[in-house]
Amino acid sequence: MKRPLCFLSLVITAIVYLYLEFFLSDHLFDHSKEDGNKIQIVGMVDRKEYRVDYLGELSPVLYIIPQERKISLCNKYIQCYMSKEDYKEPKVGEYVMVSGIIKSFSSGRNPGEFDSRLYYSTLKIEYRIKDAQIIKRAGNENKVYETLYQIKYSLEKVLDENLDSKDSSVMKAILLGDKAFMDENTKRLYKDAGIIHILAVSGLHISILGMGLYRLLKRLRLPMIPRALMPVILMYFYGQMCGMSSSAARAIVMFALSLLAKVIGRTYDLLSALSLVELLLLIEQPLYLYNSGFLFSFGAIVGIGYIMPAVIKLIPKEKCSRLKFADDKKEGLFKKTQNYVKSSLIAGLSIFLATVPVYMSFYFVYPIQSVFLNLFILPLMAPLMILGIILMVLGLVLNTRIVIVSAMIHLILKWYEALSVLSARLPVGKLYLGHASKLQILIYVLGLLVFVTMIERTRNRENYKWGVLILGVSLTFLLLDPRPELQISMLDVGQGDGIVIRTRRENYLIDGGSTDKKDIGKYTIIPYLYYEGIGTLDAVFITHEDEDHISGVFEIMDDMEKGGIRIKNLVMPDISEASKGENYKRLINRAKDLNIPVSYISCKDRINSAVEIRCLNPVSKMTVEGANAYSSVLYLKYKDFSALFTGDVEGDGERHLLDDIKGNQEMLQKITLLKVAHHGSKNSTSKEMLDYLNPRIALISCGIDNRYGHPHKELLERFDGGSTRIYRTDRSGAITVTVSGQKVMIREFL
């Protein structure tokens, strides 16, 4: 066998993954029952940093290993967000007694939502303590790691003194792995452009710094062993100073193995080294298989080392028209540029083929422009890092501003920013992949393995087409999105409403807001749309202007302005000018700013597409005192399936709706699905209305233990004795109703 270590790694990884698929919950930390409790713990300070807290402010953070659990390979960390009041920073290695409030990590309650419980479990962080205070300190510091910490923040201070705040924050991330000081807009810009990888300490950094030092020592004619040993030791301490992420650990160990091969006179094999590192990291933390950073880091190397050679073989070789002699001129600039572009595009394609399952498991969106953007970004990374190192070293030694170096750094970062802004304005910047099932990923990976094997073992170029065909079919199967005939998803937005309707041709959103969840658009609605592969909303229906129905819609509009999900039409209830409140007008003005067409609907208006949608409320130019009364009520019909979406309708609106129902009993009796009005308020959805509608399914959107008591006991009692099946987001998370032929399927996310 050519690479036995690679085969062993694949087998062990498959076994570990299958085991975790069945027993994953046994390895996740769950402290939800202790959430909000006051706690006091004793442990050793393992590391320190600054992070943005739950209030959006920078706070000192300690990572503590509880005293009873100090076992080297089984460390579990407690993340302590320290109170700034009377805070005296402990040393790394000291033992501290800390008191504060437990904040557990929660799993997502909607498809596509970030699973913080799983993520922090992969990092071995059990739970968080907020407003933490140190009661006692004892023990000796770890001089090595405390010194690394002090060096790091001394270097960051130099960056602050020499660069403006934005440039400094980016350089802290690039050189020191510290993203805490970056503002959200800059992070978003780099992420959307597909160049966020330059902010993570990984193989790019280690190759530039480590190999740079190795070549320097080689020029100085140092003996082989110290020449190899010194860069490895320096890179280890550099990784520790930057937090030693899985990508940094992978890069450092592979770098050490490559130099070890030089020392002992053996050939370095990239894939065998990668397999060894993967096994070591999986032994240390099996849950890395669920960590996107780990998977991206290893996937990129697999793309370069395993897939890229096969892709290169598919490209016809240039024919040499004449003999070359020793005194021939070297390749010109144009030819070098052409070769660089070609090799970079091949590398980008290879990495995409290796990592597309990771995109479809975690992020659901692929930045297409990143393949081309990296052509202009990566060549400047080495100069940028060298300039940054020069700046930090000279700043420490001379204790003065280094103006010329600072200006050069600023120019490179401005170039990066300009390219990122330009890419956001491109008409096709993102590929909305959506999610893939485990079966789709498995078949794709097998197809990819067959493709590479066939290309590598086939000498006849005519037979390459079969390998390409297999790859094409497996990639098509992976990207396949079998859209349902009709899918209605009531998202768990807490105390609010957010309903996504998908057909085979259109995507609609009815409301999107919350009063008890912050940034509901950013963290819940947009991730769900990404998960479903939705890049365009054909219409956003606003039932009324209350905050719990519109806060997330503003965030989607902000996302659209930055090149995100596009809204093709904003549909508002057609009411009198006197009834339009401040939020109503804000929505209209924001839509106009973004050139989103605005439509107004009232009774008897109809939308015909893949489904029929009728408006049953409000009456045209309706004048009411409260927004709930004019709530848009939408009736949806598809074959034998019918649904009624009622917003927060009550009072005059509900009385008008009841008259409509009585006048259209043939259409509105025995509907399939009812979205219960006003989150299950006792003042809406009367007994008389329920008797007429007699829905088979009732959906209630409400927050967990909300202060309003929704759904009210009186409302639930009105359903007693009937055959209606009631689903609530506070208990089920997101609720998805799928219509296929005569079948209606209901899936509860939790």
- [ ] Flag yes if more than 12 heavy atoms outside F376 fall under 6.0 Å of its CZ atom; otherwise flag no.
- [x] no

Open item on the list: Please evaluate residues Y290 and L24 with respect to the criterion side-chain contact (heavy atoms from CB on, under 4.5 Å), reporting the C-alpha separation (whole Å), side-chain torsions for both, the decisive distance (0.1 Å), and the verdict.
Closed with: CA-CA 10 Å; Y290 293 87; L24 179 62; 4.0 Å; yes

Open item on the list: Quick check: do I195 and S420 have side-chain heavy atoms less than 4.5 Å from each other?
Closed with: yes

Task: Heavy-atom pair with the smallest gap, counting every atom of Y236 and M244 - done: O-CE, 3.7 Å

- [ ] Check the pair I389, L209 against side-chain contact (heavy atoms from CB on, under 4.5 Å), reporting the backbone distance first and the verdict last.
- [x] CA-CA 10 Å; I389 292 168; L209 299 176; 3.0 Å; yes

Open item on the list: Closer than 4.0 angstrom, basic N to acidic O: yes or no for K191 and E184?
Closed with: no

Open item on the list: Once you measure the plane-to-plane angle for H435 and Y531, does it fall in the parallel (<30°), tilted (30-60°) or perpendicular (>60°) bin?
Closed with: parallel

Task: Flag, side chain of Y444 to backbone of L353, donor-acceptor distance under 3.5 Å - done: yes

- [ ] With the side chain counted from C-beta on, respond yes when M360 and L479 share a heavy-atom pair under 4.5 Å apart, and no when they do not.
- [x] yes

Open item on the list: Any side-chain to backbone donor/acceptor pair from S361 onto P357? Under 3.5 Å, distance only.
Closed with: yes

Task: Over all atoms of both residues, closest heavy-atom pair of I565 and Y432 - done: N-OH, 3.6 Å

TODO: Would you mind reporting whether F372 and L345 have side-chain heavy atoms less than 4.5 Å apart?
DONE: yes

TODO: Determine whether the side chains of S297 and R250 contain a donor N or O and an acceptor N or O closer than 3.5 Å.
DONE: yes

Open item on the list: Regarding Q79 and Y63, do their side chains bring together a donor and an acceptor under 3.5 Å, going by distance alone?
Closed with: yes

TODO: Would you sort out whether Y530 and K430 count as a side chain to side chain donor-acceptor pair (under 3.5 Å), showing the intermediate values?
DONE: CA-CA 11 Å; Y530 284 176; K430 291 180 181 177; 3.2 Å; yes

TODO: Take Y363 and S292 through the test side chain to side chain donor-acceptor pair (under 3.5 Å) and record every step on the way to the result.
DONE: CA-CA 9 Å; Y363 298 112; S292 61; 3.1 Å; yes

Open item on the list: Tell me whether D167 contacts the main-chain N or O of L163 through its side chain, where contact means a donor paired with an acceptor under 3.5 Å.
Closed with: no

TODO: I would like to know whether K562 and D192 meet salt bridge (Lys or Arg N to Asp or Glu O under 4.0 Å); could you show each step before the answer?
DONE: CA-CA 9 Å; K562 297 168 185 173; D192 287 352; over 6 Å; no

- [ ] Starting at CD1 of I377, measure out to CD1 of I198 and round the result to the nearest 0.5 Å.
- [x] 6.0 Å

Task: Separation of I409 CD1 from I386 CD1 (nearest 0.5 Å) - done: 11.5 Å

Task: Heavy-atom side-chain proximity of V201 to L176 below 4.5 angstrom - done: no

Task: Minimum side-chain heavy-atom gap K438-Y17 below 4.5 Å - done: yes

Open item on the list: Ring centroids only, cut at 6.0 angstrom: are Y19 and H27 within range, meaning strictly under it?
Closed with: yes

TODO: Without swapping roles, check the side chain of S258 against the backbone of F255 for a donor-acceptor pair under 3.5 Å.
DONE: yes

Open item on the list: Checking the side chain of S474 only, and the main-chain atoms of L471 only, is there a donor and an acceptor separated by less than 3.5 Å?
Closed with: yes

Open item on the list: Before we go on, tell me: are the rings of F294 and F298 under 6.0 Å apart, centre to centre?
Closed with: yes

Open item on the list: Using side-chain heavy atoms (C-beta onward) and a distance below 4.5 Å, is S350 in contact with I346?
Closed with: yes

- [ ] Please work out whether the ring planes of F181 and Y50 are parallel, tilted or perpendicular, with thresholds of 30° and 60°.
- [x] tilted

Open item on the list: I'd like to check V16 versus Y288 (side-chain heavy atoms, cut-off strictly below 4.5 Å). Are they in contact?
Closed with: no

Open item on the list: If I take atom CD1 from residue I196 and atom CG from residue L189, how far apart are they, to the nearest 0.5 angstrom?
Closed with: 9.5 Å

TODO: Could you check L274 against L270 for side-chain contact (heavy atoms from CB on, under 4.5 Å), going step by step and ending with a plain yes or no?
DONE: CA-CA 6 Å; L274 184 72; L270 179 72; 5.6 Å; no

Open item on the list: Taking L222's backbone N and O only, do any of them form a donor-acceptor pair with R227's side chain (distance below 3.5 Å, no angle check)?
Closed with: yes

- [ ] Report the C-alpha separation of E49 and K152 in whole Å, then their side-chain angles, then the decisive distance to 0.1 Å, and conclude whether the salt bridge (Lys or Arg N to Asp or Glu O under 4.0 Å) test is met.
- [x] CA-CA 10 Å; E49 65 178 356; K152 177 179 179 178; 5.5 Å; no

Open item on the list: Tell me whether the count of non-hydrogen atoms from other residues, nucleotides or ligands lying under 6.0 Å of CE in M381 goes above 12.
Closed with: yes

Open item on the list: On a heavy-atom basis, which atom in S246 and which in G293 lie closest, and how many Å separate them?
Closed with: OG-C, 4.2 Å

TODO: State whether a side-chain donor-acceptor pair under 3.5 Å links E278 with T13.
DONE: yes

TODO: Write down the atom of F364, the atom of P527, and the distance for their closest heavy-atom approach.
DONE: CD1-O, 4.3 Å

Task: Distance flag, aromatic centroids of Y366 and F352, threshold under 6.0 Å - done: yes

Task: Lys NZ or Arg CZ of K124 over Y77 ring: under 6.0 Å, within 45° - done: no

TODO: Look only at the side chain of T355 and the backbone of V358, and say whether a donor-acceptor pair between them is shorter than 3.5 Å.
DONE: no

- [ ] Rounded to the nearest 0.5 Å, what's the gap from CE on M235 to NE2 on H205? Could you check?
- [x] 11.0 Å

TODO: Look only at the side chain of Q285 and the backbone of S121, and say whether a donor-acceptor pair between them is shorter than 3.5 Å.
DONE: yes

TODO: Supply the atom-to-atom distance E417 CD to T186 OG1, rounded to the nearest 0.5 angstrom.
DONE: 7.0 Å

- [ ] Would you check if K76 and F29 make a side-chain contact, meaning some heavy-atom pair closer than 4.5 Å?
- [x] yes

Open item on the list: Are F114 and Y119, when compared by the centres of their aromatic rings, separated by less than 6.0 Å?
Closed with: yes

TODO: Give me the one residue out of K522, R566, R188 that meets side-chain hydrogen bond (donor to acceptor under 3.5 Å, both in side chains) with D559.
DONE: R188

- [ ] Give a yes or no answer on whether the side chain of Q440 reaches the backbone of L480 with a donor-acceptor pair at less than 3.5 Å.
- [x] yes

TODO: Would you sort out whether I301 and M254 count as a side-chain contact (heavy atoms from CB on, under 4.5 Å), showing the intermediate values?
DONE: CA-CA 11 Å; I301 302 301; M254 290 183 71; 4.2 Å; yes

Open item on the list: So which atom in E532 and which in D481 form the shortest heavy-atom distance, rounded to 0.1 Å?
Closed with: O-OD2, 4.0 Å

Task: L155 side, atom CG; M392 side, atom CE - distance, nearest 0.5 Å - done: 5.0 Å

Task: I315 atom CD1: more than 12 heavy-atom contacts under 6.0 Å - done: yes

Task: Where S275 and L5 come nearest, the two heavy atoms and their spacing - done: CB-O, 3.7 Å

Task: Ion pair check, K166 and D183, cut-off under 4.0 Å - done: no

